[in-house]
Amino acid sequence: MAIIFHEKGREFHLFNKEVSYLMRIMENGQMEHLYYGRGLRDKEEFGYLHEEMQRSLMAVCMPEPSVLSMQYTRQEYPSYGTGDYRSPAFTIIQENGSRIVNFTYVSHEIFGGKKSLAPLPATYTEKEEEAQTLEITLHDDVIDTDMVLSYTIYEDYPVITRNVRFVHRGGGKIVLDRALSMSMEFMDMDYELVHLAGAWARERYVKTRKLEMGIQAVQNLSGTGSSGEHNPFIALKRPHTTENQGEVYGFSFVYSGNFLAQVEVSPFDMTRVMMGIHPEGFAWELKQGESFQTPETVMVYSNRGLNGMSQAYHRLYRTRLIRGKWRDQARPILLNNWEATYFDFDEEKLLEIAKRAKEAGVELFVLDDGWFGKRNDDYSSLGDWYVNLKKLPGGISGLSAKIEALEMKFGLWVELEMVNEDSDLYRAHPDWIIGAPGRFQSHGRHQYVLDFSRKEVVDCVYEMIARVIRESSISYIKWDMNRYMSEPYSRGAEAGEQGKVMHRYILGVYDLYTRLTEEFPDILFESCASGGARFDPGMLYFAPQTWTSDDTDAGERMKIQYGTSFVYPLVSMGCHVSAVPNHQLQRMTPLETRGNVACFGAFGYELDLNLLSGREMEVVKRQIAFVKKYRELIQIEGDFYRLRSPFEGNDTAWLVVSRDRTQAVAGFYQRLNKTNASWLRLQLQGLEEDMLYEVSCDVTPVSIYDEERAGLDGNGQEKEQVKKYRAYGAELMYAGIPVDRRDLDRKGGDFASLIYTITKCI
């Protein structure tokens, strides 16, 4: 790993074993991008990569005989107005109304490690030798303002992070009207754009489309979250790139609010990628001495296909974005009462569910919505964070003590950013909600968004919920957020400050997270937003796992978890087994398959185990025993491979392989059963070719465990059956595992699944 500045060519080379990034200081003092891709051997000069020529209608930005034009130059951080007619990365409005700027090179600094961007979340280092950082300072003399471009390259990852800081040193004021976190350019347009899109209950579906001339973009303008519609991630891949081979460039935004991810292709096939805070509704005034820091973009290069990109994100985010006690720990198996009781519960009912969960081997009981204020439905009490003593006479402290007496941990649901009109908090502070005076206040789920851009609001919420936590024994908190922002206006900000409200809101959320995680460092926080509407790297910095989706149907979860895995590690995905018919789709899927999908994540249950039959409880116990045996591998130690896409066929398959390649777990899932169908082979990845493995698969008929579904009483049924055989890694990867369709029939046919464990033979 190195960052080298070559004086002769005034070039910067950031490189490690896998990736290189080249740029230079141009003759006009601005920064030019030269190359980003597979690692190059360093040398004294790469100036030949700069290209320029006279073209019609071009605006030349230097005296003759130069033909340097910004329109045809691959810039590091472009502006608009000096001959480049493409979209800019930043815009500064000056007191005279001008938007024309000229930031030129002043100095640079190279140092070990990485600076914190607090209060913004960002990736980090624990030792200086893990990474190197380059900061390039450019200056505009007319407005006396610095712009600092920051680049960090990690030693062990094909990763480069980017961010920008503006420092206004001059008199008067300027307004940042656009301040994206990065921009970079490719020489050609022979790429496909990959992004993750969807909606509630179908978040992060994989979408792929060919680049065309013009602008292609994904964005979020919801204000409160990174959104279930579009995740703050895009990738550019070559058309021939697959999961396992070919080039791909990933761009992931470490932020939880409004964002823009844009790709612009010029008529000369140049491709410009930009990512950052969305300019809509953003206007940040800077007075003398003030600065603005953009969030971080994490760029990953892979020449080993989409799996290679994802594995780099997984390793980096699990070890150098997630922090604290839970970073390196497998997650406890939990049971959440929401779909078991909804709002209709009391202490006795909860304890009955918890006792049954303990019997099955569950380690953490979570109390969801309905424990506070007068909360018996969606209409009231959000914002009143005190215990409903009619439901829980002993309070949260009493219930948590009783749960811990069962030798289980206790968790609690909250929705701290919202308020109902029917609440003591709203009645006391009606001006604390986001909304424009004199306008209708839109609501969602009968609730309003508290104005977290105001410190007094965050302070109030913090004191209320911290008191509950201090008085109780709480090991886990599920932090929900169930509506987007509308009528974005703060009654606590002056007219000229309204362009700061949406960003300040997210900073307020980060502030509350910071206070709670610092005061209660042992608590496992899980982010939630109507399921997966806030699954982003910014949240992972504070909450090391996220509720992946409210949709717990096994068939749909294959798609959701598959898409989520493009960026986010398995340990960050909250994955639960729920009841059937499924509460979102009314679909019936086998209990085994529900468990076989959920076990590739932070595993738990979302049902009342008292309602299961004896044999279904045996399945649950087997699932829990399996997760306890393999969760270190799946959640912490292994590399994840996507093998078959649920978006491309009837089958889904994925695999986790230990770093030393001695152990693996693979899941194979069938959507609909087929009659008299062709043979199936499942080819694995990531194994050691010459290593001998034992392959094991439980093929016990589902009717043994689920007599009601099969219409049988179970008498005289076959005993548990396990198929085992030995094969070398090369066989398993190139010849593949024969998937016996008769085993899928035994497992229920439609939505049947098989789990294969692969272990090195001793």
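The first residue in the sequence is number 1, and the count goes up from there. Remember, predicted model here, so these are calculated numbers, not experimental data.
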Visitor: Set out, in order, the CA-CA distance, both residues' side-chain angles and the distance that settles salt bridge (charged side-chain N to carboxylate O under 4.0 Å, His left out) for Glu130 and Arg320, then state yes or no.
Guide: CA-CA 10 Å; Glu130 291 180 16; Arg320 291 299 180 266; 2.9 Å; yes
Visitor: Do the side-chain N and O atoms of Glu731 and Tyr693 include a donor-acceptor pair separated by under 3.5 angstrom?
Guide: no
Visitor: Can you find a heavy atom in the side chain of Val657 that is under 4.5 Å from one in the side chain of Leu684?
Guide: no
Visitor: Within the structure provided, determine whether Asn582 and Thr589 are in side-chain contact (heavy-atom separation under 4.5 Å).
Guide: no
Visitor: Does a donor on one side chain and an acceptor on the other come within less than 3.5 Å for Glu203 and Ser549?
Guide: yes
Visitor: Tell me which one of Tyr151, Tyr35, Phe15 satisfies ring pair (Phe, Tyr, Trp, His ring centres under 6.0 Å) with Tyr21.
Guide: Tyr151
Visitor: So that I can tick it off, tell me whether Lys723 and Asp740 are bridged by a salt bridge, with the cut-off set at under 4.0 angstrom between side-chain N and carboxylate O.
Guide: yes
Visitor: Is the distance between the ring centroids of Phe525 and Trp326 less than 6.0 Å?
Guide: no
Visitor: Do Arg742 and Asp745 sit within salt-bridge range, that is, some charged N less than 4.0 Å from a carboxylate O?
Guide: no
Visitor: Go through it in stages, so that I can follow the logic: the residues are Arg631 and Glu363, the test is salt bridge (charged side-chain N to carboxylate O under 4.0 Å, His left out), and I'd like the CA-CA distance, side-chain angles, deciding distance and then a yes or no.
Guide: CA-CA 14 Å; Arg631 62 183 164 185; Glu363 300 161 314; 2.9 Å; yes
Visitor: Return the CG to CZ distance between Asn303 and Arg38, rounded to the nearest 0.5 Å.
Guide: 4.5 Å
Visitor: With a 4.5 Å heavy-atom cut-off, do Ile737 and Leu732 have their side chains touching?
Guide: yes
Visitor: Return yes when atom CD of Glu128 has more than 12 non-hydrogen atoms of other residues, nucleotides or ligands closer than 6.0 Å, and no otherwise.
Guide: no
Visitor: Using the ring of Trp547 (Phe, Tyr or Trp, six-membered ring only), decide whether Arg557 places NZ or CZ under 6.0 Å from its centre and within 45 degrees of its axis.
Guide: yes
Visitor: When you look at OH of Tyr728, are more than 12 heavy atoms from neighbouring residues, nucleotides or ligands closer to it than 6.0 Å?
Guide: no
Visitor: Can you find a heavy atom in the side chain of Lys207 that is under 4.5 Å from one in the side chain of Phe647?
Guide: no
Visitor: Under 3.5 Å, is there a donor on one side chain and an acceptor on the other for Arg534 and Ser527?
Guide: no
Visitor: Kindly say whether Arg318 contributes a backbone atom to a donor-acceptor pair with the side chain of Arg327 at under 3.5 angstrom?
Guide: no
Visitor: In terms of ring plane angle, is the pair Phe566 and Phe233 parallel, tilted or perpendicular, where the classes change at 30° and 60°?
Guide: perpendicular
Visitor: Would you compute the distance between atom CD of Glu243 and atom CG of Leu643 and round it to the nearest 0.5 angstrom?
Guide: 8.5 Å
Visitor: Any salt bridge (charged side-chain N to carboxylate O under 4.0 Å, His left out) pairs touching residues 669-687, not counting sequence neighbours?
Guide: Glu556-Arg671
Visitor: Rounded to the nearest 0.5 Å, what's the gap from CD1 on Ile403 to NZ on Lys355? Could you check?
Guide: 9.5 Å
Visitor: Taking NZ in Lys409 as the centre, count heavy atoms belonging to other residues, nucleotides or ligands within less than 6.0 Å. Is the count above 12?
Guide: no
Visitor: Can you tell me if NZ on Lys628 sees more than 12 non-hydrogen neighbours from other groups inside 6.0 Å?
Guide: yes
Visitor: If we only count heavy atoms from C-beta on, is the Phe535 to Val567 side-chain gap below 4.5 Å?
Guide: no
Visitor: With the threshold set at 4.0 Å, does a side-chain nitrogen-carboxylate oxygen contact exist between Lys114 and Glu296?
Guide: yes
Visitor: How far apart are the C-alpha atoms of Met299 and Arg162, what are their side-chain angles, what is the distance that settles it, and do they pass the side-chain contact (heavy atoms from CB on, under 4.5 Å) test?
Guide: CA-CA 8 Å; Met299 309 191 309; Arg162 299 272 305 270; 4.0 Å; yes
Visitor: Any side-chain heavy-atom pair from Glu694 and Lys724 closer than 4.5 angstrom?
Guide: yes
Visitor: Calculate, to the nearest 0.5 Å, the distance between atoms CD1 and CZ belonging to Ile234 and Phe253 respectively.
Guide: 11.5 Å
Visitor: Would you find more than 12 non-hydrogen atoms of other residues, nucleotides or ligands less than 6.0 Å from Lys629 atom NZ?
Guide: no
Visitor: Of all heavy-atom pairs between Thr662 and Ser658, which one has the smallest distance, and what is that distance?
Guide: N-OG, 3.1 Å
Visitor: May I ask you to check whether over 12 heavy atoms, not counting those of Glu407, lie within 6.0 Å of atom CD?
Guide: no
Visitor: Is there a side-chain hydrogen bond (donor to acceptor under 3.5 Å, both in side chains) between Thr700 and Asp698? Walk through the geometry before answering.
Guide: CA-CA 6 Å; Thr700 309; Asp698 180 356; 2.6 Å; yes
Visitor: List the atom pairs, with distances to 0.1 Å, where a side-chain N or O of residues 595-611 and a protein N or O form a donor-acceptor pair under 3.5 Å, not counting sequence neighbours.
Guide:
unit_1	atom_1	unit_2	atom_2	d
Asn596	ND2	Glu592	O	3.4
Asn596	ND2	Ser753	OG	2.8
Tyr605	OH	Gln623	OE1	2.7
Glu606	OE1	His576	ND1	2.7
Asp608	OD1	Asn610	N	2.9
Asp608	OD1	Asn610	ND2	2.9
Asn610	ND2	Glu352	O	3.2

Visitor: Determine, for Asp639 against Arg659, whether the closest basic-nitrogen to carboxylate-oxygen distance falls under 4.0 angstrom.
Guide: yes
Visitor: Looking at every non-hydrogen atom in both residues, tell me the closest pair between Asn231 and Arg204 and how far apart they are.
Guide: ND2-CD, 3.8 Å
Visitor: Report yes or no: do Tyr157 and Thr123 form a side-chain donor-acceptor pair below 3.5 Å?
Guide: no
Visitor: Could you tell me whether the side chains of Gln635 and Arg331 share a donor-acceptor contact shorter than 3.5 Å?
Guide: no
Visitor: Are any of the side-chain heavy atoms of Leu680 and Leu744 separated by less than 4.5 Å?
Guide: yes
Visitor: Does a salt bridge link Arg356 with Glu359, judged by any charged N lying under 4.0 Å from a carboxylate O?
Guide: yes
Visitor: Quiz question: by atom type and distance under 3.5 Å, do the side chains of Thr593 and Lys747 form a donor-acceptor pair?
Guide: no
Visitor: Is there a donor-acceptor pair under 3.5 Å between the side chain of Glu688 and the backbone N or O of Arg661?
Guide: no
Visitor: Would Arg238 and Tyr191 count as a cation-pi pair here, with the cationic atom under 6.0 angstrom from the ring centre and within 45° of the axis?
Guide: yes
Visitor: Heavy atoms only: give me the nearest Ala360-Met617 pair and the separation to one decimal.
Guide: CB-CE, 3.8 Å
Visitor: Using every non-hydrogen atom in the two residues, find where Gln545 and Leu524 come nearest and quote the distance to one decimal.
Guide: OE1-CD2, 3.8 Å
Visitor: If only side-chain N and O atoms count, and only distance matters, is there a donor-acceptor pair under 3.5 Å linking Tyr301 with Glu247?
Guide: yes
Visitor: Could you tell me whether the side chain of Tyr154 reaches within less than 4.5 Å of the side chain of Thr125, counting heavy atoms only?
Guide: yes
Visitor: Applying side-chain contact (heavy atoms from CB on, under 4.5 Å), run through Leu196 and Val206 and close with a yes or a no.
Guide: CA-CA 5 Å; Leu196 305 175; Val206 180; 4.0 Å; yes
Visitor: Between Val656 and Tyr630, is a side-chain contact (heavy atoms from CB on, under 4.5 Å) present by the stated rule, with each step listed?
Guide: CA-CA 10 Å; Val656 176; Tyr630 290 103; over 6 Å; no
Visitor: How about Tyr317 and Ser252: does a side-chain donor come under 3.5 Å of a side-chain acceptor?
Guide: yes
Visitor: Is it the case that the ring center of Tyr756 lies less than 6.0 angstrom away from the ring center of Phe668?
Guide: no
Visitor: At their closest point, which heavy atom of Ile477 faces which heavy atom of Ile523, and how far apart are they?
Guide: N-CG2, 3.8 Å
Visitor: How would you list, by chain and number, every residue that makes a side chain to side chain donor-acceptor pair (under 3.5 Å) with Tyr313, sequence neighbours excluded?
Guide: none
